[in-house]
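Lettering of chains follows the sequences in order, A, B, ..., and the numbering in each one begins at 1.
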Amino acid sequence: MQTRTLGELAEYVNGQVKGDPSIQIKSAATLARAEEGEISFLANIKYEKQIETTKASAVIVGKNVTTEAKVPLLIAEDPYYAFMQILVLLHGHRKHKKVGVSKVAFISDSAKIGADCDIHHFVTIADGAKIGNRCVIYPGAYIGENVKMGDDCIIYPNVSIYDGCEIGSRVIIHSNATIGEDGFGFATHEGKHHKIPQIGITILEDDVEIGAGCGIERGTLGDTIIEKGTKLGDLIAIGHGTKVGPHCLLVAQVGISGSTTLGHHCIVGGQVGITGHINIGNYVMIGAKSGVINNVTDGKIVLGSPAVDAGIAKRAYSMLKYLPEMRKTIRKLEKDIEQLSPKPQSPDKTG
Amino acid sequence: MQTRTLGELAEYVNGQVKGDPSIQIKSAATLARAEEGEISFLANIKYEKQIETTKASAVIVGKNVTTEAKVPLLIAEDPYYAFMQILVLLHGHRKHKKVGVSKVAFISDSAKIGADCDIHHFVTIADGAKIGNRCVIYPGAYIGENVKMGDDCIIYPNVSIYDGCEIGSRVIIHSNATIGEDGFGFATHEGKHHKIPQIGITILEDDVEIGAGCGIERGTLGDTIIEKGTKLGDLIAIGHGTKVGPHCLLVAQVGISGSTTLGHHCIVGGQVGITGHINIGNYVMIGAKSGVINNVTDGKIVLGSPAVDAGIAKRAYSMLKYLPEMRKTIRKLEKDIEQLSPKPQSPDKTG
Amino acid sequence: MQTRTLGELAEYVNGQVKGDPSIQIKSAATLARAEEGEISFLANIKYEKQIETTKASAVIVGKNVTTEAKVPLLIAEDPYYAFMQILVLLHGHRKHKKVGVSKVAFISDSAKIGADCDIHHFVTIADGAKIGNRCVIYPGAYIGENVKMGDDCIIYPNVSIYDGCEIGSRVIIHSNATIGEDGFGFATHEGKHHKIPQIGITILEDDVEIGAGCGIERGTLGDTIIEKGTKLGDLIAIGHGTKVGPHCLLVAQVGISGSTTLGHHCIVGGQVGITGHINIGNYVMIGAKSGVINNVTDGKIVLGSPAVDAGIAKRAYSMLKYLPEMRKTIRKLEKDIEQLSPKPQSPDKTG
């Protein structure tokens, strides 16, 4: 950790200082917790009032923030990006201890390990696997037969990668995630479920990050693909043969069935479920907990279960609570109209 | 991998050839990806048009498919089952390397290991455990005290099976699944939650398959049972004392609370939640993302949260989007009726 | 396992016996399965009829149960708590074999291990980690750098605890759970997602229990905290910087986004999703499968997605099935009113 002046930080992120640029900044913290020497960040406009009370020595804000607070500001075009850059500068990412290749790891004679890898104890690297340079593989991870892995990957403890899967470069896989397990495919015949060989693989392209405890099934015939730069949260299940395009964000506990395709730059909220054999376009946003059962075209924002246009869904779901009242009113209206309607005269009166 | 003629394949699956039976088939692929020498399969009627453009050398179809495409067809009674049979014939299931019993596995002196097992490195088999013949146990798996396991099981890397659980024959458990962890049972007294000993076990019967990352709690007093032939997808949570009947299919991320019973041949969609202490009959189908809070009788198809008859649910949920319009209309109708109703005359006018 | 008389058990739990106090009780079982010598428990009023047919030698009931059954009763103020006490007395919690510190565990020279710990094979305890007294760490568990752990913890197989996290005393973590993985934080800039260093940690306070396969992200700047006595079921995802207050119960598959705060004694049903940056009060109950998107005040019971007052939600969701009928009726009413309304006369008639 290294101390920088606010001015240096502003220059580093291409921003402007409002206040004293000579202030020393040694680390970062939330507005509520920051102390002297720390820089903070207005992550959410909800917290704008905290700028007035924070003990931070400086706060990163966007150009649209118009606080009168006395705390020095670092005004940035893209304040969240600036915050990320400064966090990396001040703290860096996790440092991985240089351990080399453990003697208590099992590495097959036919496996190939690139230069400068750190392979921890109790790791298994099976026959024919090929690991690139500078990969870090933590204890208990299992790298199956003929797995191919690029450079600079980080595989956290107890990850399992099944045979034949392909992992790009700079891929991060968090603990207890499973890559390339068998797809959920059975042919039901006379009441019994017969396992279908799953001969596809799972491909994670460059710069993919997979959260803890995820399961990314291998394909039955085709492959399951998570394309470059896409990030998955924890406990996500991806079905066999599904393709998630590049630069998507999938929040925790999402489930996507098999043979579905997502385009690029999609954002999928937590606990969303997406059915199989459909197409989701590019730049699609899917609200948390939605259930998507139909194709979604480029740029759409959908919500609800089944998911529809988010604006419509928000209005509709917010009215659910009025259903009992609506039903009561409809019944009253029926009675009112019955009373207003001309009564058919009874025969004896017409006689 | 072995080459067969289309005629041989048809004979093998009891189907008929439409076209040249002497065509050589060496593997299988999807309609979109298949090349010469590959057989494909019409998995979903949505893809029927692909039969006209596929480069596959043959396509497996059902009797009801009436394509005019020139590609040779293998017509089968149950085409999905035929496809499975052919995939097994051409590709087979995963081959497990014969590794014998690793010296870097820990196997208790009181554990019993059957004939021809493959126990990989870093496996623990605790006191009193009994493993049948020809089981494959991958690195990092933990088999607790007194666990009983039948023959021909496959336990993938980093699976944990708690003490005393019983695993049948031909059971497959995918990576990072947990079998027999403590049930979620606490007695709350004066604001504190006191752990209730979970003295039941988890039983997985013959031919059960458990997806990656599942958690199947042990019972509190009775046992948690997954009956024969039932298949679970990834990331499924089964509560203590629940019984899932034979030959069910549970798709990924299903959650079932404790002490619930499912009959046989149920199909439970992804992300379904089922409450505790209820009974689900036989041949029940539960649509994805449903929340089931009441008993369901044999053969019912339910959907929604709370789940009701699927036909009713589909109509109801498809109308959610009209709620704002409906509410507006109701208000208008109220006003209209008010205007139509005879006004009570004011006292001064009647004077 | 030790035999006790019903009278002894009643005295132990401060209850009264109705029947013969000299009956010998050796274990506990469900009403349906209990045999002679076993005590059972009326867990759910739904099962009251089973008291008449149970073969149990005694049944624990609350003061409000008025059965005429002949089976001896143990009447307790808080029958579930009494049941827990008796189960602990008769069966105890899981006994952990005394294995000491395995020579096939890897323990850093700079790690400190307390007295009487059992560290199993294939465990990694990284640099600077500090483990308290009498902890049990099962095979394949990973304890990262500088992790601090109190006394009497139980860490089940293949758990991963990332660097720097703090674990209190008497904490139980079930298999394949991940503690302190990176929070899901990315700054998106020019279409790419840039990883934000996650410099906070995860803190599990005293007496916390974490279910199998959970993922509890570390904080970005602040920490993720599960406070004392809180119990999590299986497959739960907790986002970065979220604080779950003391003595809460979270049922399986709950997901909570980042920077949200729960008070004390909350009960969160299975598969609930809670959005980020909100506040949930004390003693809040959230019905299974709910989606909570707004703050919830103390003592509220909420349900639905989006979650509202549970009473309102129950009525509203139970009426969903009437939506098609309601829409039809509204259309009919529109027509009826149109017919009732005075018709504007056409010009030619007025001429």
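In this structure a side-chain-to-backbone donor-acceptor pair under 3.5 Å is missing from B:E227 to B:G263. A side-chain donor-acceptor contact under 3.5 Å links B:D206 to the backbone of B:S169. Remark: side-chain polar atoms of B:T230 are paired, donor with acceptor, to backbone N or O of B:G245 under 3.5 angstrom. For A:S160 (side chain) and A:Y142 (main-chain N/O), no donor-acceptor pair under 3.5 Å exists by modelled atom type. No donor-acceptor distance shorter than 3.5 angstrom exists from the side chain of A:S290 to the backbone of A:V292, with no hydrogens or angles considered.
In this structure, a donor-acceptor pair under 3.5 Å is present between the side chains of A:Q198 and A:H240. Using modelled atom types, one finds no donor on one side chain facing an acceptor on the other under 3.5 Å when comparing B:Q85 with A:H194. In this structure, a donor-acceptor pair under 3.5 Å is present between the side chains of A:S102 and A:H121. No donor-acceptor contact under 3.5 angstrom links the side chains of A:T224 and A:E217, judged on distance only. A donor-acceptor pair shorter than 3.5 Å cannot be found between the side chains of B:Y80 and A:H189. Checked by atom type, the side-chain pair A:T178/B:S175 shows no donor-acceptor distance below 3.5 Å.
Contact annotation for A:I236: only backbone heavy atoms (N, CA, C, O) come within less than 4.5 Å of a heavy atom of chain B. Contacts between B:H265 and chain A at a heavy-atom distance below 4.5 Å involve the side chain alone, from C-beta outward. Only the side chain of A:I199 comes within less than 4.5 Å of a heavy atom in chain B; its backbone stays farther off. B:L250 touches chain A through its backbone: at least one of N, CA, C or O sits under 4.5 Å from a heavy atom, while the side chain does not. For A:L340, the part lying near chain B is the side chain, with the backbone staying farther off; criterion is any non-hydrogen pair under 4.5 Å. Contact annotation for B:R327: both backbone and side-chain heavy atoms come within less than 4.5 Å of a heavy atom of chain A. Looking at A:F122, both its backbone and its side chain come within 4.5 Å of chain B, counting heavy atoms on both sides. Looking at A:A313, there are no atoms closer than 4.5 Å to chain B (heavy atoms on both sides), in backbone or side chain. No part of B:V104 comes within reach of chain A, as not one of its non-hydrogen atoms sits under 4.5 angstrom from that chain. Contact annotation for A:A212: neither backbone nor side-chain heavy atoms come within less than 4.5 Å of a heavy atom of chain B. Proximity to chain A (any heavy atom under 4.5 Å) is restricted, for B:F83, to the side chain, taken from C-beta onward. A:A126 does not touch chain B: none of its heavy atoms, backbone or side chain, sits under 4.5 Å away. Proximity to chain A is limited to the side chain of B:A252, based on heavy atoms less than 4.5 angstrom apart. If you measure heavy-atom distances from A:E325 to chain B, the contacts under 4.5 Å come from the side chain alone. Residue contact with chain A, scored on non-hydrogen atoms closer than 4.5 Å, involves the backbone of B:C248 exclusively. The contact between B:L232 and chain A is made entirely by backbone atoms, counting heavy-atom distances below 4.5 Å.
For A:H193, there are no ring-ring contact (aromatic ring centres under 6.0 Å, His included) partners, not counting sequence neighbours. In this structure B:H247 satisfies the side chain to side chain donor-acceptor pair (under 3.5 Å) test with no other residue, sequence neighbours excluded.
The choice from B:G213, B:G140, B:G233, B:A32 that makes the most heavy-atom pairs within less than 4.5 Å of chain A is B:G233. Residue with the most contacts toward chain B among A:T124, A:T220, A:D182: A:D182 (heavy-atom pairs, distance under 4.5 Å). Note: A:N158 leads A:N158, A:I312, A:V159 in heavy-atom pairs under 4.5 Å with chain B. Contact tally against chain B (heavy-atom pairs below 4.5 Å) for A:G215, A:G241, A:G273: the top residue is A:G273. For the options A:T275, A:L235, A:L323, A:I293, heavy-atom pairs under 4.5 Å to chain B are most numerous at A:L235. If you tally non-hydrogen atom pairs under 4.5 Å between each of B:H174, B:K228, B:M326 and chain A, the highest count goes to B:H174. Most heavy-atom pairs under 4.5 Å with chain A, from the set B:K321, B:E209, B:K314: that is B:E209.
Looking at A:L320 and B:L320, their side chains come closer than 4.5 Å, going by heavy atoms from C-beta outward.
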Applying side-chain hydrogen bond (donor to acceptor under 3.5 Å, both in side chains), run through B:H96 and B:Y138 and close with a yes or a no. CA-CA 10 Å; B:H96 304 283; B:Y138 274 95; 2.7 Å; yes
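Applying the salt bridge (charged side-chain N to carboxylate O under 4.0 Å, His left out) test to pairs two or more places apart or on separate chains, those with a residue in residues 156-167 of chain A are A:D163-A:R218, A:D163-B:R94.
A salt bridge is absent between B:K97 and B:D118: the closest approach of a Lys/Arg side-chain nitrogen to an acidic carboxylate oxygen does not fall below 4.0 angstrom.
Interface residues of residues 329-336 of chain B toward chain A, defined by a heavy-atom distance below 4.5 Å and sorted by number: B:I330, B:L333, B:E334.
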